[in-house]
Peer 1: 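Here's a structure for you.
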Amino acid sequence: MSSPDPQVRAARNLADPSPESKPTKNSSRSRGPVVAVTGAATGVGELLTAHLAASDEIKQVIAIDERRGDVAGATWHILDVRDPAIAEKLRGADVVVHLALDLDLETDPAARTAYNVRGTQTVLTAAAAVGVHRVVLCTSAMVYGALPDNDLPLSEDAELRATAEATGVGDLLEIERLGRRAPRAHPGLNVTVVRPTVLVGGTDTALTRYFESPRLLVVAGSRPAWQFCHVDDLVSALEYAALEKIDGEFAVGCDGWLEQEEVEELSGVRRMELPSAVALGAAARLHRIGLTPSPAGDLAYTMHPWVVSVSRLHDVGWRPRWTNEEVLAALLEEVEGRHTVAGRRLGRKDATAAGAAGATVALLGTAALVRRARKARRRF
């Protein structure tokens with residue numbers, strides 16, 4: 001996602017230097033809800049804030065982040081979501097959409113968990129204290145877990161069988177636990193949970209980096225199934241939740257899924273196949289010595305299916321605008337020119353490039369040893 005020109009941004013800040021700016025009320029919006037969005041200055045939060053600010057169905061948008069964003073038409077409050085002072089900033093809101101999460105691959109895991117969990121706790125408690133009646137949390141369909149015996153597709157009310165072994169998934173599971181507990185601790189507060197599938201559109205995750213590799217790693221005997229979600233469709237689903245057209249826990253993504261063979265045919269990228277023990281062992285070792293940002297647990301989501309039904313959104317009239325094929329094409333266009341091996345990007349800095357080169361040698365060297373062993377077995 002492109003950002004406005006720095007000169008344009010500077011001009012906006014000069015025109016409105018106050019960290020908390022309040023737009024003129026639009027009298028035609030007198031009946032809609034007041035919606036607060038955390039994490040409103042970047043990513044999905046920025047897109048949702050802009051979308052809601054332009055909607056005639058929304059009375060007012062309260063935007064909360066650690067810096068002021070570029071969306072006009074929103075009331076901005078600048079603070080950390082872990083600050084209890086957020087309660088006063090949420091006063092008057094009907095709905096809070098909490099999107100201030102750190103799922104960056106490069107963030108220290110302990111710091112990431114501290115931010116994500118404490119931030120969610122604070123937002124839920126603050127919202128309940130000032131009379132907000134609904135909080136919308138956004139996690140991921142990854143919470144269902146990627147397992148070889150998963151149904152295709154999973155029901156949205158399927159058991160959450162994920163573990164904390166993949167990047168950020170432990171945080172998401174804890175956030176969901178907090179969301180389930182909040183209505184019991186704060187009667188009158190409703191919590192809606194939105195679970196997108198593989199998110200594409202200005203995102204950087206272990207799953208999007210998978211498509212930056214010169215070869216698509218396929219674990220022998222696995223049955224990957226790919227279901228994507230474009231950020232535009234996620235924003236649309238979050239709007240449904242903010243307008244209370246849907247509640248409870250539901251997934252959002254494209255209809256259906258793509259088999260690994262279809263992905264390879266559409267992308268034109270060939271596979272590199274390795275036995276499970278070799279692939280998982282190499283991934284664990286490379287992560288342990290700091291050559292890759294992704295733990296071995298991320299690999300499971302490229303091995304086993306975690307496709308989920310989106311029937312609850314369908315039941316209320318929502319439809320995805322994007323197909324899996326279209327999102328994959330958009331992803332490939334977005335990552336063009338990037339080179340990632342074993343989850344590590346090449347070319348950022350000299351040190352990073354050296355680390356990536358080491359990862360390349362390690363992974364490709366492992367593959368070569370496997371091929372050599374296979375040839376040796378054939379000779380006997």
Peer 1: Mind checking what makes side-chain hydrogen bond (donor to acceptor under 3.5 Å, both in side chains) contact with Y301, not counting sequence neighbours?
Peer 2: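 For Y301, no residue satisfies side-chain hydrogen bond (donor to acceptor under 3.5 Å, both in side chains) once neighbours in sequence are set aside.
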Peer 1: Going by heavy atoms in the side chains, are P33 and L243 under 4.5 Å from each other?
Peer 2: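 Sidechains of L243 and P33: in contact.
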Peer 1: Check the pair V198 / W306 against side-chain contact (heavy atoms from CB on, under 4.5 Å), numbers first and verdict last.
Peer 2: CA-CA 10 Å; V198 180; W306 49 290; 3.5 Å; yes
Peer 1: Under 4.5 Å between any side-chain heavy atoms of V200 and W322, yes or no?
Peer 2: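 Of all side-chain heavy-atom pairs linking W322 with V200, none is under 4.5 Å.
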Peer 1: Could you work out, with salt bridge (charged side-chain N to carboxylate O under 4.0 Å, His left out) as the rule, every residue matching E259, not counting sequence neighbours?
Peer 2: none
Peer 1: Test of understanding: clusters of I, L, V, M, F, W, Y form through side-chain heavy atoms closer than 4.5 Å, transitively. Do L147 and V218 belong to the same one?
Peer 2: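 Result: no, two separate clusters.
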Peer 1: Strictly by ring-ring contact (aromatic ring centres under 6.0 Å, His included), give each pair with a member in residues 109-162 just once, sequence neighbours left out.
Peer 2: none
Peer 1: Can you tell if the side chain of V191 reaches within under 4.5 Å of the side chain of L124, non-hydrogen atoms only?
Peer 2: yes
Peer 1: Would you say D247 and T192 are linked by a side-chain donor-acceptor pair, where the criterion is simply a distance under 3.5 Å?
Peer 2: no
Peer 1: Within this structure, what is the CG-NZ distance for the pair L313 and K245, rounded to the nearest 0.5 Å?
Peer 2: 11.5 Å
Peer 1: For the residue pair C229 and V327, establish whether any side-chain heavy-atom pair is separated by less than 4.5 Å.
Peer 2: no
Peer 1: So do the side chains of T167 and R112 get within less than 4.5 Å of each other, counting heavy atoms only?
Peer 2: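 Yes, at least one pair of side-chain atoms sits under 4.5 Å.
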Peer 1: Ignoring hydrogens, what is the shortest heavy-atom contact between K59 and G32? Give both atom names and the distance.
Peer 2: CB-O, 3.1 Å
Peer 1: Hey, mind stepping through T120 and L101 against side-chain contact (heavy atoms from CB on, under 4.5 Å) and telling me if it holds?
Peer 2: CA-CA 9 Å; T120 302; L101 296 179; 4.2 Å; yes
Peer 1: Please list all pairs meeting side-chain hydrogen bond (donor to acceptor under 3.5 Å, both in side chains) that have one or both residues in residues 215-229, counting only residues at least two apart or in different chains.
Peer 2: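 The answer is W226-Q260.
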Peer 1: Going from CG on D70 to OG1 on T49, what distance comes out if it is rounded to the nearest 0.5 angstrom?
Peer 2: 11.5 Å
Peer 1: Can you see which heavy atom on V37 is nearest to which on G45, and at what distance?
Peer 2: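 Scanning both residues completely, I find the closest heavy atoms to be CG1-O, 4.0 Å.
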Peer 1: Indicate yes or no for a side-chain donor-acceptor contact from E156 to the backbone of V308 under 3.5 Å, with no hydrogens or angles considered.
Peer 2: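 Side chain of E156 to backbone of V308: no pair is present.
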Peer 1: Got a sec, which residues hit salt bridge (charged side-chain N to carboxylate O under 4.0 Å, His left out) with E249, two or more places apart in sequence or on another chain?
Peer 2: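 E249 satisfies salt bridge (charged side-chain N to carboxylate O under 4.0 Å, His left out) with R195 once adjacent residues are dropped.
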Peer 1: What is the minimum heavy-atom distance between I58 and L52, and which atoms define it?
Peer 2: CB-O, 3.6 Å
Peer 1: Same hydrophobic cluster for V263 and V307, using side-chain heavy-atom links shorter than 4.5 Å among ILVMFWY?
Peer 2: no
Peer 1: Counting distance only, does the side-chain N/O of D65 pair as donor-acceptor with the main-chain N or O of A40 below 3.5 Å?
Peer 2: yes
Peer 1: More than 12 heavy atoms of other residues, nucleotides or ligands under 6.0 Å from CZ of R319: is that the case?
Peer 2: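 Count over threshold, so yes.
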Peer 1: Do L238 and L99 have side-chain heavy atoms sitting under 4.5 Å apart?
Peer 2: yes
Peer 1: Is V310 reachable from L152 through a run of I, L, V, M, F, W or Y residues, each pair having side-chain heavy atoms under 4.5 Å apart?
Peer 2: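 Shared cluster, no.
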Peer 1: Can you list everything that forms a ring pair (Phe, Tyr, Trp, His ring centres under 6.0 Å) with H98? Sequence neighbours excluded, please.
Peer 2: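 So H98 forms no ring pair (Phe, Tyr, Trp, His ring centres under 6.0 Å) with any residue.
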Peer 1: Determine whether a donor-acceptor pair (N or O, by modelled atom type, separation under 3.5 Å) exists between the side chain of N324 and the backbone of D255.
Peer 2: yes
Peer 1: Distance-only, no hydrogens or angles: does the N150 side chain make a donor-acceptor pair with backbone N or O of H304 under 3.5 Å?
Peer 2: no
Peer 1: Supply the atom-to-atom distance T205 OG1 to D298 CG, rounded to the nearest 0.5 angstrom.
Peer 2: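 If we round to the nearest 0.5 Å, T205:OG1 and D298:CG are 8.5 Å apart.
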Peer 1: Taking it one step at a time, do V71 and E46 satisfy side-chain contact (heavy atoms from CB on, under 4.5 Å)?
Peer 2: CA-CA 7 Å; V71 178; E46 180 182 28; 4.2 Å; yes
Peer 1: Run the side-chain contact (heavy atoms from CB on, under 4.5 Å) test on V169 and T163 for me, step by step, so that the C-alpha distance in whole Å, both residues' side-chain angles and the decisive distance to 0.1 Å come before the verdict.
Peer 2: CA-CA 7 Å; V169 173; T163 65; over 6 Å; no
Peer 1: Measure across V61 and A53 and return the closest heavy-atom pair with its distance rounded to 0.1 Å.
Peer 2: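 Heavy atoms of V61 and A53 come nearest at CG2-N, 3.6 Å.
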Peer 1: Is there a path of hydrophobic side-chain contacts, each under 4.5 Å between heavy atoms, that joins L332 and Y210?
Peer 2: yes
Peer 1: Looking only at atom types and distance, does a side-chain atom of T113 sit under 3.5 Å from a main-chain N or O of A110, one as donor and one as acceptor?
Peer 2: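 No; zero donor-acceptor contacts below 3.5 Å.
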Peer 1: What pair of heavy atoms forms the shortest contact from V132 to A93, and how long is it?
Peer 2: CG2-O, 3.5 Å
Peer 1: Going by heavy atoms in the side chains, are V117 and Q121 under 4.5 Å from each other?
Peer 2: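 Side chain of V117 against side chain of Q121, heavy atoms only: contact under 4.5 Å found.
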Peer 1: Looking at residues at least two apart in the chain, or sitting in another chain, which of them share a ring pair (Phe, Tyr, Trp, His ring centres under 6.0 Å) with W257?
Peer 2: none
Peer 1: Just by distance, with hydrogens left out, do S309 and S311 show a side-chain donor and acceptor under 3.5 Å apart?
Peer 2: yes
Peer 1: Between CG of L266 and CG of L328, what distance do you get to the nearest 0.5 Å?
Peer 2: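 One gets 6.0 Å once the value is rounded to the nearest 0.5 Å.
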Peer 1: Could you pull out all residues at least two apart from D102 that satisfy side-chain hydrogen bond (donor to acceptor under 3.5 Å, both in side chains)?
Peer 2: T107
Peer 1: I need the D83 CG to T122 OG1 distance, nearest 0.5 Å.
Peer 2: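 That separation rounds to 8.5 Å.
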Peer 1: Any idea which heavy atoms bring T42 and R67 closest together, and the distance?
Peer 2: CG2-NH2, 3.4 Å
Peer 1: Where do R209 and E212 land on the salt bridge (charged side-chain N to carboxylate O under 4.0 Å, His left out) test, with the steps shown first?
Peer 2: CA-CA 5 Å; R209 287 193 185 188; E212 299 177 13; 5.2 Å; no
Peer 1: I'd like to check the salt bridge (charged side-chain N to carboxylate O under 4.0 Å, His left out) partners of E261; sequence neighbours left out, ordered by chain and number.
Peer 2: R271
Peer 1: Which residues pass the salt bridge (charged side-chain N to carboxylate O under 4.0 Å, His left out) test with R161, sequence neighbours left out?
Peer 2: D149
Peer 1: Please enumerate all residues that pass side-chain hydrogen bond (donor to acceptor under 3.5 Å, both in side chains) together with T125, with sequence neighbours excluded.
Peer 2: none
Peer 1: Are the side chains of R321 and D232 in touch, meaning some heavy atoms are under 4.5 Å apart?
Peer 2: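 A side-chain contact under 4.5 Å is absent here.
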Peer 1: With a sphere of 6.0 Å drawn around CD of E265, does it hold more than 12 non-hydrogen atoms of other residues, nucleotides or ligands?
Peer 2: no
Peer 1: From T197 OG1 over to D233 CG, what is the distance, rounded to the nearest 0.5 angstrom?
Peer 2: 9.0 Å
Peer 1: Can you name the side-chain hydrogen bond (donor to acceptor under 3.5 Å, both in side chains) partners of R181, sequence neighbours left out?
Peer 2: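 Applying side-chain hydrogen bond (donor to acceptor under 3.5 Å, both in side chains) to R181 gives none.
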